[in-house]
Amino acid sequence: MSPYPLRTLRMLASAAVLATNLLTLPAAAQPAGVTRTDLQRHDLSAPGREAVQVRVDLAPGVAFGRHTHPGEEIIYVLTGAIEYDVEGKPPVTLKAGDVLFIPAGAVHAAKNVGTDTASELATYIVAKDKPLLTLVK
């Protein structure tokens, strides 16, 4: 018997969760006109937490539906005009250079309200081994 069965099992479980996130997120949560580019993912010093950075490009008029994250999202709008609808707050339209903080678990949506492609840099501080994004009906 291997002297490292638990470590091997944990590594396999972590790899399975990561593969599931990478394979199912684009198909399940990415509508036509949305391009997500994963930039980086790193463990944090806080146990069970990780930082994930993603660039999101939205074609004109395209919306990304209501969803949540298992942690905080920090948004920096790179280009264009994006309307954010965070549950419990009035919608806000941000332009290049504007920022937004979305609390953990908050239901929210985004829509490109401009005439050109809009882009944001999204930084997530989230629980590891959970789906990065969960759609809300």
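This structure is a prediction, so every number in the text was calculated from the model and none was measured.
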Q: With side chains defined as the heavy atoms from C-beta onward, is the minimum distance between Leu39 and Leu121 less than 4.5 Å?
A: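 Side chain of Leu39 against side chain of Leu121, heavy atoms only: contact under 4.5 Å found.
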Q: Where is the tightest heavy-atom contact between Leu44 and Ile125, given as atom of each residue plus distance?
A: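 What the structure gives for the nearest pair is CD1-CG2, 3.7 Å.
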Q: To the nearest 0.5 Å, what is the distance between CD (Glu50) and NZ (Lys130)?
A: 12.0 Å
Q: On a heavy-atom basis, which atom in Pro31 and which in Ala63 lie closest, and how many Å separate them?
A: CG-O, 3.6 Å
Q: Out of the candidates Val52, Leu133, Ile74, only one should pair with Tyr124 under the side chain to side chain contact (heavy atoms under 4.5 Å, CB included) rule; please name it.
A: Val52
Q: On a heavy-atom basis, which atom in Ala96 and which in Leu78 lie closest, and how many Å separate them?
A: CB-O, 3.3 Å
Q: Please report the C-alpha distance between Asp116 and Thr79 in whole Å, then the side-chain angles of each, then the deciding distance to 0.1 Å, and finally whether the side-chain contact (heavy atoms from CB on, under 4.5 Å) criterion is met.
A: CA-CA 9 Å; Asp116 296 317; Thr79 62; over 6 Å; no
Q: Please determine whether residues Leu100 and Ile82 belong to a single hydrophobic cluster, defined as Ile, Leu, Val, Met, Phe, Trp and Tyr linked transitively by side-chain heavy-atom distances below 4.5 Å.
A: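 The answer is yes; both residues are in one hydrophobic cluster.
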Q: Could you check whether any side-chain heavy atom of Phe64 comes within less than 4.5 Å of a side-chain heavy atom of Glu120, counting everything from C-beta outward?
A: no
Q: When rounded to the nearest 0.5 angstrom, what is the spacing between CD1 in Ile102 and NZ in Lys89?
A: 8.5 Å
Q: Please table the atom pairs, donor to acceptor, closer than 3.5 Å between any side-chain atom in residues 53-61 and protein atoms at least two apart or in another chain.
A:
unit_1: Gln53; atom_1: OE1; unit_2: Gln40; atom_2: NE2; d: 2.6
unit_1: Gln53; atom_1: NE2; unit_2: Thr123; atom_2: OG1; d: 3.0
unit_1: Arg55; atom_1: NE; unit_2: Asp57; atom_2: OD1; d: 3.0
unit_1: Arg55; atom_1: NE; unit_2: Asp57; atom_2: OD2; d: 3.3
unit_1: Arg55; atom_1: NH2; unit_2: Asp57; atom_2: OD1; d: 3.2
unit_1: Arg55; atom_1: NH2; unit_2: Ser119; atom_2: OG; d: 3.1
unit_1: Asp57; atom_1: OD1; unit_2: Ser119; atom_2: OG; d: 2.3

Q: Starting from Val126, can I reach Val86 by hopping between I/L/V/M/F/W/Y residues whose side chains sit under 4.5 Å apart?
A: yes
Q: Work out which heavy atom in Arg49 is nearest to a heavy atom in Ala127; give both atom names and the distance.
A: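 The answer is NH1-N, 3.5 Å.
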Q: Between His67 (side chain only) and His108 (backbone N and O only), is there a donor and an acceptor less than 3.5 Å apart?
A: yes
Q: Quick check on side chain to side chain contact (heavy atoms under 4.5 Å, CB included): which of Val99, Thr93, Leu94 does Val77 satisfy it with?
A: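 Going through the options one by one, the only one that passes is Leu94.
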Q: What closest approach, in Å, do Lys137 and Arg66 show between heavy atoms, and which atom pair accounts for it?
A: O-NH2, 3.8 Å
